[in-house]
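See structure below.
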There are 2 protein chains.
Amino acid sequence: MPDGAARQVKRKDKYRRRQTEVFDAAAAVFARKGYHGASTGDIAAELGIAQSSLYYYFKSKDEALEKVCLQGIKGYVERLQAIVTGDVPADVKIREAIHNHIEPVNFIPDYFRTFVGELRYLPSNRRQKLNNMIAEYNALFEQILIDGIAEKTFTATLDCHASMLMLIAQCNTVPFWFGQFEHYSSTQLATVLADNFLLGALPRRNE
Amino acid sequence: MPDGAARQVKRKDKYRRRQTEVFDAAAAVFARKGYHGASTGDIAAELGIAQSSLYYYFKSKDEALEKVCLQGIKGYVERLQAIVTGDVPADVKIREAIHNHIEPVNFIPDYFRTFVGELRYLPSNRRQKLNNMIAEYNALFEQILIDGIAEKTFTATLDCHASMLMLIAQCNTVPFWFGQFEHYSSTQLATVLADNFLLGALPRRNE
DNA sequence: TTATTTTTCGATAGACCTATTGAAAAAAAG
DNA sequence: CTTTTTTTCAATAGGTCTATCGAAAAATAA
């Protein structure tokens, strides 16, 4: 028989598991109907419980969106940080970065979509932290391109800032059409995207 | 003094001009707050009139969104059609197509943003026509790439369908950050995007 | 000016939505 | 089985939103 402290932990764990189910449902509904188009009643219906029961797990719809967005970006910056500091050429880093960005579509697609599409509806006080993470992420991404020019991996004419925005824009649209093209895996898709960016559509002679 | 028929035309014209102002306001509010986040009261406030006055110009909020979206895509297909059938190499066509897609950010940015971001919230009966136009547009865009491979302008390894989606995805994000980077004109931006797609980031030897 | 048409408005019905509250049901502990 | 704690619920206050309606105001015509 567990002692008092262990019992507390177990109870908290059970609560957190249920809470995760609630946020999963919220993410699914936000992704499908948009934040403002989704009601707490919709989320409850997704779970088969009463609308008021949700408030045992979050304090407001705003907070639910914040948690979903935080979950959606979780780990992104850390993984990109590791890629940037890696000891490989910039073109390999770009391939890794693109893969890193797209891959979560496989296991948290609703969080991914909600983060990309609904973050702007977070009240500005809650949005601050997430905006900072995005700025940091973008800077890391751009750094790969800047370093790539310095090490002569990329052409000097590359517009690093615009290219960074465009690469991320491409990755961010993937969760919105991933279900419709099952013949691509996320890995294949990342490869297509990276090949396009690195090689270009015009043929190359010496390769 | 105009006769009866001419008077009717003049009145209709005046009505249409005012209606355009109403849709302009709707597009602005939809773009800023999202369709579900925007109320008809917000649109009225933008115009400085009563909320109920709007219903003299449209029958429902849905209809307003439909009209804004239709205005947002107006001319796109026709212009791309002309580009596709033009007598120039595929790389030039791609440059033209990208320019054609991005340029409206200069004169109808709110319609552009609303079309890209809010179309999905149109009830499916109203959305049908617009979806068909998008399908047609995408097919035309992809045709440029397919033709480009056939005429040896592009590498045979190019994934035309994925590339089409990615190019359009890039163009579609432009209206969401255009205001923040004033040192790019839409033309310069189109050039960066096309250069990236055609040439790639890796240096080329013989050019 | 007076009469007619166009445009705007105030008031509101009817619906929906968020968040709260106290109580009931379910689960866990004793 | 009884008590305690956790989880869910029904009911609802208080707010917002869309769309309608008849009347008022403004513009135009006679």
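Chain identifiers are assigned alphabetically (A, B, ...) following the order of the sequence lines, protein sequences preceding nucleic acid strands; residue numbering begins at 1 within each chain.
The distance from atom CG of Leu65(A) to atom NE2 of His36(A), rounded to the nearest 0.5 Å, is 8.5 Å.
Applying a 4.0 Å cut-off to non-hydrogen atoms, none of the residues of residues 19-34 of chain A approaches DNA chain D.
Each of dC9(D), dC9(C), dT28(D) was ranked by its minimum atom distance to the side chain of Lys14(B); first place goes to dT28(D).
Here the C1' atom of nucleotide dT7(D) and the CZ atom of Arg17(A) are 14 Å apart, to the nearest Å. Between Leu54(A) atom CG and dT7(D) atom C1' there is a gap of 13 Å when expressed in whole angstrom units. We find that NE2 of His36(A) is positioned 14 Å from C1' of dC17(D), with the value rounded to whole Å. Taking atom NZ of Lys12(A) as the reference point, atom P of dA28(C) lies 17 Å away to the nearest angstrom.
Shown here are the ring pair (Phe, Tyr, Trp, His ring centres under 6.0 Å) partners of His99(A), two or more places apart in sequence or in another chain: there are none. By the side-chain hydrogen bond (donor to acceptor under 3.5 Å, both in side chains) test, Ser60(B) pairs with no residue at all, sequence neighbours left out. Remark: Phe154(A) pairs with no residue by the ring pair (Phe, Tyr, Trp, His ring centres under 6.0 Å) rule, at least two apart or across chains.
Between Arg18(B) and dT6(C) there is no side-chain N or O to OP1 or OP2 distance below 4.0 Å. Of the side-chain N and O atoms in Tyr57(B), one or more sit less than 4.0 angstrom from OP1 or OP2 of dT8(C). Not one side-chain nitrogen or oxygen of Ser53(A) sits closer than 4.0 Å to the OP1 or OP2 atom of dT7(D).
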For nucleotides 11-23 of chain C, read 5' to 3', which letter fits each nucleotide if B means a protein heavy atom sits under 4.0 Å from the base, S means only the sugar-phosphate is that close, and - means neither?
B-----SBBB---

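Put simply, the side chain of Leu199(B) does not reach to within 4.5 Å of the side chain of Thr155(A), judged on heavy atoms.
A salt bridge is absent between Lys93(A) and Glu96(A); no separation between the charged side-chain nitrogens and carboxylate oxygens falls under 4.0 Å.
No side-chain donor-acceptor contact under 3.5 Å links Tyr35(B) to the backbone of Arg120(B).
The salt bridge (charged side-chain N to carboxylate O under 4.0 Å, His left out) contacts involving residues 134-143 of chain A comprise nothing, where partners must be two or more places apart or lie in separate chains.
Ring-centre distance between Phe30(B) and Phe23(B): not below the 6.0 Å cut-off.
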